[in-house]
Amino acid sequence: MKDHSVDHTINLEHEQEQEQDSLHRILVPDVRDLPLTPPSAIESNFVSYFAPDFTKPGHDQYVYRHANGLCVIGLARTHVAFKDTSGITAVDFNVGKSDRSGIKVTGKRKKNAQHFESNSALCKVNTDDASYIVRCCVKGSLLEVNDRLIKQPGLLNSLADREGYIAIIMPKPADWLKVKGSLLGLEEYKKLREC
Amino acid sequence: MANANTNNTEAEHVSIDSEAAHVISAVEECHDDDDVGALHDVVQGLPSHAVKDLLSVGVCTRCILRLFGIRGNIYSISAISPSILNSVIGEQRHGEDISSNSKESEFEEVLCALCLGILQFTYCDDKEIPVKKESANDMAVAISELVKREGYQIDSFSLEVSVPPIILENEHSVRLYMKRKYGTEPWFQGGPFSQSISAKDALKFSLAKPLETLLDCKSGISNFRIGLTFSHKASKVVQSVAVSKQGCKRIKTGNSIDSLDDSVAGDIKCSDLADATVERSFDGLQDNESSECFKFPLQKVNDACHLVLLCQRTPIYFGGRYLKYSRNVSQTRWIIDDERMGEASVEEIIGSNIQPLCQGDNYKFHAAGREDIDVRMLGSGRPFLVEVQNAHRIPSEAFVREIETNINNLENKLVGVKNLKVVGIEGWTMMREGEAEKQKQYAALVWISRPLEDVDLDSISSLKDMQILQGTPIRVLHRRSPLQREKIIHWMKIERIGGSSQYFLLHLCTQAGTYIKEFVHGDLGRTHPSIGSILGCRAEILQLDVTDVKMDCFLTE
């Protein structure tokens with residue numbers, strides 16, 4: 001006599017295998033469709049703007065703006081601080097009236113976030129020879145500063161445009177529109193700095 | 001002590017104890033001829049002078065019966081009328097036959113001072129037109145016609161009645177009056193009013209059986225509710241003249257609700273309280289003879305109550321699992337500045353295929369978690385619930401299977417559905433239960449900035465239950481709290497892609513709530529560790545697919 005329960009189990013397993021196979025087929029991409037170098041997360045999700053010579057010659061900063069309105073602020077590659085041979089050795093967020101790394105912003109409504117003007121100081125970056133003030137560039141609420149820079153200032157030397165970002169600011173839509181005109185797009189910036 | 005039973009034709013003072021009243025009222029399955037007879041028997045058991053007294057102060061027949069705690073089908077008997085009542089009583093008082101007949105027509109016209117005409121099936125409809133139904137059956141016919149007109153397909157119904165609070169106040173006044181006047185009589189000792197039936201229940205007794213016949217289904221607990229809401233613009237003028245045989249006199253007039261507070265013993269409050277509150281205060285009241293004051297005689301009622309008839313089905317739920325094959329379909333309807341994001345939504349595709357077939361008013365979509373618009377949902381699918389409001393029809397099992405097939409056979413193949421079926425309210429708890437603990441499995445297409453090496457496959461596979469710290473991703477930081485979230489990556493596996501040295505498939509299983517994209521590219525260092533930090537290079541994610549939502553609900557049986 002045939003054991004039907006065994007048959008049933010085998011059928012079920014077979015079905016599951018088939019499902020797995022067809023799933024796998026959808027998962028694997030066609031290599032021919034893949035670009036050699038894909039766009040980075042920043043390129044895909046942000047629009048890059050630049051503020052050359054911000055308040056001082058050579059103080060080039062970037063503003064990456066996300067579709068949701070948030071702005072990531074940082075030092076552009078052409079910033080004068082990188083010309084010092086020692087590179088950046090320290091970052092200090094205690095500038096202006098308060099230590100920017102001490103502010104705790106909480107909740108969806110971003111309570112306690114401090115409002116800053118575009119020329120407010122965010123931090124000071126030091127090399128062996130000099131120190132440079134980094135500013136907001138955009139008027140808005142300061143949501144966070146990159147406090148990893150305190151322990152790892154070297155991030156600025158190698159990865160200023162990514163892991164070495166300085167801060168995240170949330171401007172009001174009207175304030176963004178006002179400042180946007182004074183910023184350069186990526187192509188304009190490249191032309192200006194011939195890089 | 002005299003006892004009462006249905007066939008006893010004893011006159012005058014009969015003591016009714018509550019159990020006997022119950023026996024009297026066990027009138028099952030009445031037919032017309034028996035109706036009058038049964039009514040006759042019931043009325044015979046009541047103290048006729050008290051009944052006449054109640055009639056004279058403007059209380060209708062059904063209210064009299066319910067005050068005495070009579071239960072059962074007697075309320076649907078169409079033959080009930082003051083004239084019948086009077087004739088029965090008239091038999092006991094031979095000399096008053098003629099005068100009782102002449103009062104007949106008078107009583108037919110007047111709205112009951114106690115129930116405001118509700119138990120006389122008299123009301124104003126939603127167009128403010130006064131309606132008087134001759135019997136419970138006629139009123140039931142009006143209700144059943146509404147149900148049929150609105151196209152409800154039902155296999156049961158529940159009747160819900162809401163009456164104006166003034167009725168409870170009136171009842172209390174009547175009972176106090178009766179106690180004052182007849183409290184010393186033998187029949188009163190048995191506490192005849194302790195088993196009184198509320199106006200709501202009496203109306204339900206009247207309508208239930210005729211409706212069961214007309215709608216061809218049983219009344220009771222049901223997902224289909226027939227709601228009768230009575231409201232009355234009763235004037236709040238308080239006229240209380242208490243004149244009783246005990247000689248307690250208190251006259252107080254006032255135009256506001258507040259003034260009554262001073263004069264009332266205990267906690268009667270004549271205001272727009274919910275029935276429950278009013279009932280509570282009445283229950284607790286002690287009959288304090290010397291200090292009370294209440295509305296008696298009852299105010300004459302000139303306007304009938306306004307009746308709103310509402311049929312409603314409680315929400316029904318469809319449960320199942322959905323698959324999303326497209327990278328351009330959002331889970332729920334997503335509109336920004338009048339423009340739709342993506343070409344469709346899972347919510348609308350599924351909901352629009354279910355709601356019309358139930359003829360519901362609208363639907364709500366609930367899912368156990370969600371995925372981004374550009375992420376596919378594959379494998380066994382994600383559990384979801386579609387809640388349909390006020391469905392007029394409930395599809396059969398076969399019909400539900402057809403809905404599933406329809407969705408799966410849609411030309412554009414954007415969404416699929418599995419195991420669709422009607423579920424009860426437990427579907428809700430099944431979905432929410434453990435939503436935060438359940439693990440999810442993914443397949444990500446990853447690119448790294450250097451060629452993949454064999455050692456990489458091992459360094460990734462060897463990491464089990466690895467804890468990561470994720471700051472709120474920048475892409476959602478505008479609407480979520482800035483927090484550091486600890487998440488667990490249970491396991492990972494790299495699958496090489498033939499023909500490429502820098503692309504690979506990353507299979508991983510993580511704790512619910514983990515942001516996968518950020519785990520791959522690191523979100524500017526705000527998620528740590530990340531694939532990039534583990535492999536010591538830059539990593540980018542091109543595509544993401546959910547391959548398994550590890551939950552027990554709505555699985556194939």
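Chain identifiers are assigned alphabetically (A, B, ...) following the order of the sequence lines, protein sequences preceding nucleic acid strands; residue numbering begins at 1 within each chain.
- Using modelled atom types, one finds a donor on one side chain and an acceptor on the other under 3.5 Å when comparing A/H24 with B/E495.
- Between A/Y165 atom OH and B/I474 atom CD1 the span is 6.0 Å, to the nearest 0.5 Å.
- Within 6.0 Å of the CZ atom in B/R327, the count of heavy atoms belonging to other residues, nucleotides or ligands exceeds 12.
- Residue contact with chain A, scored on non-hydrogen atoms closer than 4.5 Å, is absent for B/H528.
- Between chain B and the options A/T106, A/I26, A/V28, the largest number of non-hydrogen pairs under 4.5 Å is found for A/I26.
- For NZ of A/K97, the number of neighbouring non-hydrogen atoms (other residues, nucleotides, ligands) closer than 6.0 Å is 12 at most.
- Atom CG of A/L36 sits in a sparse spot, with 12 or fewer heavy atoms from other residues, nucleotides or ligands closer than 6.0 Å.
- When heavy atoms are compared at a cutoff of 4.5 Å, A/N45 does not approach chain B at all.
- The contact between A/L70 and chain B is made entirely by side chain atoms (from C-beta outward), counting heavy-atom distances below 4.5 Å.
- For a residue to count as touching a neighbouring chain, one of its non-hydrogen atoms must lie under 4.5 Å from one of that chain's; by this rule B/V520 does not touch chain A.
- Note that the NZ atom of A/K108 and the CZ atom of B/R480 stand 8.0 Å from one another [nearest 0.5 Å].
- Between A/G107 and B/S481 the shortest heavy-atom distance is CA-OG, 3.0 Å.
- Side-chain contact check for A/L34 versus B/W447: every heavy-atom pair is 4.5 Å or farther apart.
- Atom OG of A/S40 is separated from atom NE2 of B/H521 by 9.5 Å, given to the nearest 0.5 angstrom.
- At least one side-chain heavy atom of B/Y503 sits under 4.5 Å from a side-chain heavy atom of A/P38.
- Proximity to chain B is absent for every atom of A/L155, based on heavy atoms less than 4.5 angstrom apart.
- Shown here is A/K180, whose NZ atom has no more than 12 heavy atoms of other residues, nucleotides or ligands within 6.0 Å.
- No more than 12 heavy atoms of other residues, nucleotides or ligands sit less than 6.0 Å from atom CD of B/E339.
- Residues of residues 136-153 of chain A that come closer than 4.5 Å to chain B, counting heavy atoms only, are A/L143, A/E144, A/R148, ordered by residue number.
- Interface remark: B/L505 contributes side-chain atoms only to the contact with chain A (heavy atom separation under 4.5 Å).
- Contacts with chain B were tallied for A/R109, A/K104, A/E163, A/R32; A/E163 has the most, counting heavy-atom pairs under 4.5 Å.
- Separation of atoms CD (A/E19) and OG (B/S380) is listed at 8.5 Å; rounding is to 0.5 Å.
- For B/L542, the part sitting under 4.5 Å from any heavy atom of chain A is the side chain, from C-beta outward, and nothing else.
- Comparing B/R526, B/R376, B/Q502 by how many heavy-atom pairs each has under 4.5 Å with chain A, the most go to B/R526.
- Of the listed residues (B/D545, B/L477, B/I541), the one with the most heavy-atom contacts under 4.5 Å to chain A is B/L477.
- Surrounding CZ of B/R538 are more than 12 heavy atoms belonging to other residues, nucleotides or ligands, all under 6.0 Å away.
- Of the residues considered (B/G471, B/P482, B/G379, B/G499), B/P482 shows the highest number of contacts with chain A, using heavy-atom pairs under 4.5 Å.
- No part of A/K111 comes within reach of chain B, as not one of its non-hydrogen atoms sits under 4.5 angstrom from that chain.
- If you measure heavy-atom distances from A/L27 to chain B, the contacts under 4.5 Å come from both the backbone and the side chain.
- Among residues two or more places apart in sequence or in another chain, the side-chain hydrogen bond (donor to acceptor under 3.5 Å, both in side chains) test is passed with B/R401 by none.
- The candidate with the highest count of non-hydrogen atom pairs below 4.5 Å against chain A, out of B/R475, B/H478, B/E540, is B/H478.
- Heavy atoms closer than 4.5 Å to chain B are found in the side chain of A/V31, but not in its backbone.
- In this structure, B/Q484 places its CD atom where more than 12 heavy-atom neighbours from other residues, nucleotides or ligands lie under 6.0 Å away.
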